[in-house]
2 protein chains.
Amino acid sequence: MTQLQRRKIPDAAIARLPIYLQILNNLAATNVLRFSSDELAALAGVNAAKVRKDLSYLGSYGTRGVGYEVTYLTHQIKRELGLMREWNVVVVGAGNLGCALAKFDGFLSRGFPVVAIVDNDPKKIGRTTSSLTVGDVNDLKNIVRDEKISIGVITTSSAASQAAADSLLDAGITSILNFAPVVLSTPSSVSVRNVDLGVELQILSYFEQMRFETGGKSENAPQLNTAGAR
Amino acid sequence: MTQLQRRKIPDAAIARLPIYLQILNNLAATNVLRFSSDELAALAGVNAAKVRKDLSYLGSYGTRGVGYEVTYLTHQIKRELGLMREWNVVVVGAGNLGCALAKFDGFLSRGFPVVAIVDNDPKKIGRTTSSLTVGDVNDLKNIVRDEKISIGVITTSSAASQAAADSLLDAGITSILNFAPVVLSTPSSVSVRNVDLGVELQILSYFEQMRFETGGKSENAPQLNTAGAR
DNA sequence: AGGGCTTAGTGCATTAATTCACAAAGTTAA
DNA sequence: TTAACTTTGTGAATTAATGCACTAAGCCCT
């Protein structure tokens, strides 16, 4: 009733904002100043009305007859998503994937510097990978405090993932990106997003098989939307 | 009308089947023979009615008063998802992420062997990574044919991703898993799933910021559901 | 063989997401 | 100033997904 009701943006729209942001960055890089909902829709592969509705959750930042300004809207999306600051990340699990992610510049470039990597294997602790030394998962509490870490990324084996999550929770982390193909058990106040690469392939497999069975004249492929957690 | 109407399973349900499958594998590994929709729901973190409805799309494979049989249902889900066979995978882009994925046993163990990896950089072509030699992206057509590849995984830079996709399409690939933060332009008959790690973190950032602004008494975190493609 | 208990399957109400379609607001040009 | 044109913002219709709550089935115990 009061305007205290924090903007409540539908989940589906939130999942699309980062994609719009990505496209706006590309537009800015090519010196585009303005765009219409039609143009953004074409680039994002979605319906123009959806784009307008999504953007309208941020406020009324377009100009009728003209469109939206790239820089201004970029700013608004970043504000909404909490991207006006950096969020430090710790990777738990210094295997292939963990080390690759620690080096991965897609994290840093989007404002999520990986400032620490830890493992529970004494053989790995102390090794250096891309300017980070692998720490001990038992020191996580201190590391999180000292490095002001907000987000934990789990790249351990399935077997170790729940323990990794528990360590993160114990260290006060409330946002987790989980690569282990396991449904983590966490308090509902914690945000967990799962990226299960096997799941992605299995979904592709379903559509691939459909094409096979229906002799290629399949329905269209799945839609853009985004994936979840908890 | 005729029973020709190929089973039409809702997208949201398809995205959950791999997760159920994962859990069933764990149950089998611990010698559990049967389970109820309640139990599976608890393990998957979803509503029991949803589990029953999802499973009912496969057919009527439960027994009232008893539950579902682990092995039988596993079989049915695999059949439905097209997992009765293996699907060969090629990784395009032999950078950090690409090489990590080529080694990643989560692919092989779920029935998606990485049988080839290619790049366009002469410096990388010819190198060996985990028993695979990096091939030339220009040979993709032959490689796909010879190795009977069904799925392409794009781990190039953003700039190179569309060219990678075009090469895959040209080689006859109809299922793509794209790690580049770019909306690929592809015919609608092709299945594309995007895994944008930056997007995942940005979504977490939103909820993290919400917690910040509302003083921690935030709404619950996002739901389980899965992510998509063009 | 019958009653009580458990659990799948599903119709239906509810909620969420998408899309349509149009009025409101702005631009441009004569 | 006015008319023609563009494009946003949004109410309303539509479609999809979710979850309740009940019925139908099967098991187990006495």
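By convention in this document, chain letters (A, B, ...) are assigned in the order of the sequence lines, proteins followed by strands, and residues within each chain are numbered from 1.
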Query raised in the report: For the side chain of B:Arg64 and the base of C:dT7, is some donor closer than 3.5 Å to an acceptor across the two?
Result: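 In this structure, the two groups form no donor-acceptor pair.
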Query raised in the report: Has the side chain of B:Lys53 got a donor or acceptor atom sitting under 3.5 Å from an opposite partner on the base of D:dG19?
Result: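 Checked by distance alone, the answer is yes.
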From the options [options], select the nucleotide whose nearest atom is closest to the side chain of [X].
X       : options                : value
B:Asp11 : D:dA17, C:dA17, C:dT10 : D:dA17
B:Thr63 : D:dT18, D:dG26, C:dA8  : D:dG26
B:Ser36 : C:dT7, D:dT7, C:dT10   : C:dT7
A:Ser60 : D:dT8, D:dG9, C:dC20   : D:dG9

**Report entry** Check: B:Leu101 and B:Val89 side chains under 4.5 Å, non-hydrogen atoms
**Finding:**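 With C-beta onward as the side chain, the pair stays apart.
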Query raised in the report: Mind checking whether B:Phe207 and A:Ser175 have side chains closer than 4.5 Å, heavy atoms only?
Result: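 They are not in contact (no side-chain heavy atoms under 4.5 Å apart), so the answer is no.
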Requested in this report: Could you tell me whether a side-chain N or O of B:Ser205 sits under 3.5 Å from a main-chain N or O of A:Gly82, the two making a donor and an acceptor?
Outcome: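 It does hold such a pair.
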Do any side-chain nitrogens or oxygens of [X] fall under 4.0 Å of OP1 or OP2 in [N]?
X       : N      : answer
A:Tyr68 : D:dG9  : yes
B:Ser56 : C:dG9  : no
B:Arg52 : D:dA24 : no

Spacing between [X] atom [atom1] and [N] atom [atom2], to the nearest angstrom:
X       : N      : atom1 : atom2 : value
A:Lys8  : C:dT15 : NZ    : P     : 15 Å
B:Lys50 : C:dA8  : NZ    : P     : 17 Å
B:Arg34 : C:dA8  : CZ    : C1'   : 13 Å
A:Leu55 : C:dT18 : CG    : P     : 14 Å
A:Asn47 : D:dA13 : CG    : C1'   : 14 Å
B:Leu58 : C:dT10 : CG    : P     : 12 Å
B:Ile14 : D:dT18 : CD1   : P     : 12 Å
A:Asp54 : C:dT19 : CG    : P     : 11 Å

Query raised in the report: Measuring from A:Asn178:CG to A:Gln162:CD, what's the distance to the nearest 0.5 Å?
Result: 9.0 Å
Query raised in the report: DNA chain D: B:Gly65 or A:Ala49, which has the more 5' nearest nucleotide?
Result: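 Per heavy-atom nearest nucleotide, the more 5' residue is A:Ala49.
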Query raised in the report: For B:Val199 and A:Arg110, which heavy atoms make the closest approach, and how far apart are they?
Result: N-NH1, 3.9 Å
